[in-house]
Colleague: 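This is the structure I want to talk about, given as structure tokens.
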Amino acid sequence: QVQLVESGGGLVQAGGSLRLSCVASGSIFSLSSMAWYRQAPGKQREMVAVITRLSSTNYADSVSGRFTISRDNAKKTVYLQMNSLKPEDTAVYYCNCLLTRSWGQGTQVTVSS
């Protein structure tokens with residue numbers, strides 16, 4: 001079982017930036033693809049970005065060009081750099097380990113207009 005702990009959320013004005021972090025426990029982090037998802041009130045959870053164990057990346061169309069996912073295997077950490085934030089990016093952001101299907105507790109991101 002992998003434990004995931006997210007941090008870095010907060011309140012930011014439209015056009016601002018935030019960087020989310022997700023620290024993993026256990027020894028399989030480097031073997032697994034990792035992903036960020038988000039869930040806005042009243043909406044389904046959606047994939048935002050994914051990074052493979054070899055650091056290939058893929059993004060939802062809605063964030064492509066604004067968000068960047070990266071990983072540091074030595075620190076067992078995956079990051080989500082979010083730039084040019086929009087009010088519609090407001091959501092709880094979750095970290096996901098694809099190998100174990102583990103989820104973090106989520107971190108709230110609120111973007112004011």
Side-chain angles (χ1 to χ4, degrees):
Q1 187 73 12
V2 173
Q3 303 295 324
L4 302 172
V5 179
E6 302 101 333
S7 62
L11 173 63
V12 64
Q13 289 188 334
S17 298
L18 284 173
R19 188 175 83 152
L20 306 183
S21 299
C22 171
V23 181
S25 66
S27 59
I28 68 165
F29 177 83
S30 63
L31 302 177
S32 179
S33 295
M34 299 293 296
W36 285 97
Y37 282 73
R38 67 186 181 187
Q39 187 167 18
K43 294 188 177 181
Q44 289 188 333
R45 191 172 296 190
E46 62 174 358
M47 191 276 289
V48 174
V50 61
I51 185 166
T52 70
R53 63 184 185 92
L54 297 179
S55 295
S56 295
T57 59
N58 195 28
Y59 299 91
D61 289 343
S62 58
V63 306
S64 184
R66 299 188 297 122
F67 290 11
T68 302
I69 188 171
S70 61
R71 65 190 298 160
D72 185 331
N73 288 338
K75 295 182 178 180
K76 298 181 184 179
T77 301
V78 60
Y79 303 98
L80 185 68
Q81 177 67 43
M82 305 185 295
N83 298 329
S84 302
L85 282 161
K86 304 175 181 180
E88 51 263 43
D89 295 317
T90 295
V92 179
Y93 284 71
Y94 297 92
C95 181
N96 174 248
C97 174
L98 276 71
L99 191 59
T100 62
R101 302 180 184 179
S102 301
W103 294 91
Q105 82 288 352
T107 186
Q108 176 70 47
V109 171
T110 303
V111 184
S112 63
S113 57

Colleague: Just by modelled atom types, is the Val5 backbone N or O under 3.5 Å from a matching donor or acceptor in the Gln105 side chain?
Modeller: no

Colleague: Membership question, hydrophobic clusters at under 4.5 Å side-chain separation (ILVMFWY): are Met47 and Leu20 in the same one?
Modeller: no

Colleague: At what distance, to the nearest 0.5 angstrom, does OG of Ser112 lie from CD of Gln13?
Modeller: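 Interatomic distance, Ser112 OG to Gln13 CD, rounded to 0.5 Å: 5.0 Å.
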
Colleague: If you draw the axis of the six-membered ring of Phe29, does the NZ or CZ of Arg71 fall within 45° of it and under 6.0 Å from the ring centre?
Modeller: yes

Colleague: Can you check whether Arg45 reaches Trp103 side chain to side chain, under 4.5 Å on heavy atoms?
Modeller: yes

Colleague: Phe67 vs Leu85, test: side-chain contact (heavy atoms from CB on, under 4.5 Å). Steps then yes/no.
Modeller: CA-CA 9 Å; Phe67 290 11; Leu85 282 161; 3.8 Å; yes

Colleague: For a 4.5 angstrom cut-off between non-hydrogen side-chain atoms, does Tyr94 reach Gln39?
Modeller: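 Of all side-chain heavy-atom pairs linking Gln39 with Tyr94, at least one is under 4.5 Å.
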
Colleague: If you look at every heavy atom in Ser84 and Ser17, which pair is closest and at what distance?
Modeller: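 Minimum heavy-atom contact is N-OG, 4.4 Å.
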
Colleague: Look only at the side chain of Glu46 and the backbone of Arg38, and say whether a donor-acceptor pair between them is shorter than 3.5 Å.
Modeller: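 Checked: no pair found.
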
Colleague: Side-chain heavy atoms nearer than 4.5 Å, only ILVMFWY residues, links allowed to pass through others: does that put Trp36 and Val109 together?
Modeller: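 In one cluster: yes.
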
Colleague: For a 4.5 angstrom cut-off between non-hydrogen side-chain atoms, does Met34 reach Ile69?
Modeller: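 The answer is no, as the side chains (C-beta and beyond) never meet within the 4.5 Å cut-off.
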
Colleague: Let me confirm one number: the SG-NZ distance from Cys22 to Lys76, rounded to the nearest 0.5 Å.
Modeller: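 So the SG of Cys22 and the NZ of Lys76 are separated by 12.5 Å.
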
Colleague: Decide yes or no for Val12 and Met82: does some side-chain heavy atom of the first lie under 4.5 Å from some side-chain heavy atom of the second?
Modeller: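 Side chain of Val12 against side chain of Met82, heavy atoms only: no contact under 4.5 Å found.
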
Colleague: Can you tell me how far apart CG (Leu80) and OH (Tyr93) are? Round to the nearest 0.5 Å.
Modeller: 7.5 Å

Colleague: Testing the basics here: between Cys97 and Ile28, what is the closest heavy-atom pair and its distance to 0.1 Å?
Modeller: SG-CD1, 4.5 Å

Colleague: Which heavy atom in Ala24 sits nearest to a heavy atom in Leu4, and how many Å separate them?
Modeller: CB-CD2, 3.6 Å

Colleague: Quick check: closest heavy atoms across Val2 and Ser25, and the distance to 0.1 Å?
Modeller: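 So the minimum-distance heavy-atom pair works out to CG1-O, 3.6 Å.
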
Colleague: Counting distance only, does the side-chain N/O of Thr90 pair as donor-acceptor with the main-chain N or O of Val111 below 3.5 Å?
Modeller: yes

Colleague: So, Tyr79 side chain and Thr68 main chain: donor-acceptor pair closer than 3.5 Å or not?
Modeller: no

Colleague: If you look at every heavy atom in Ala91 and Ala40, which pair is closest and at what distance?
Modeller: CB-N, 3.8 Å

Colleague: Enter the distance from Leu98:CG to Leu31:CG here, rounded to the nearest 0.5 Å.
Modeller: 13.0 Å

Colleague: So how far is it from Ile51 CD1 to Ser33 OG, rounded to the nearest 0.5 Å?
Modeller: 8.5 Å

Colleague: Could you give the distance from OG (Ser32) to CG (Asn96), rounded to the nearest 0.5 Å?
Modeller: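 Rounded to the nearest 0.5 Å, the OG-CG separation comes out at 8.0 Å.
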
Colleague: Considering non-hydrogen atoms only, spot the tightest contact between Tyr59 and Ala49 and give its length.
Modeller: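 Nearest heavy atoms, Tyr59 then Ala49: CD2-CB, 3.6 Å.
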
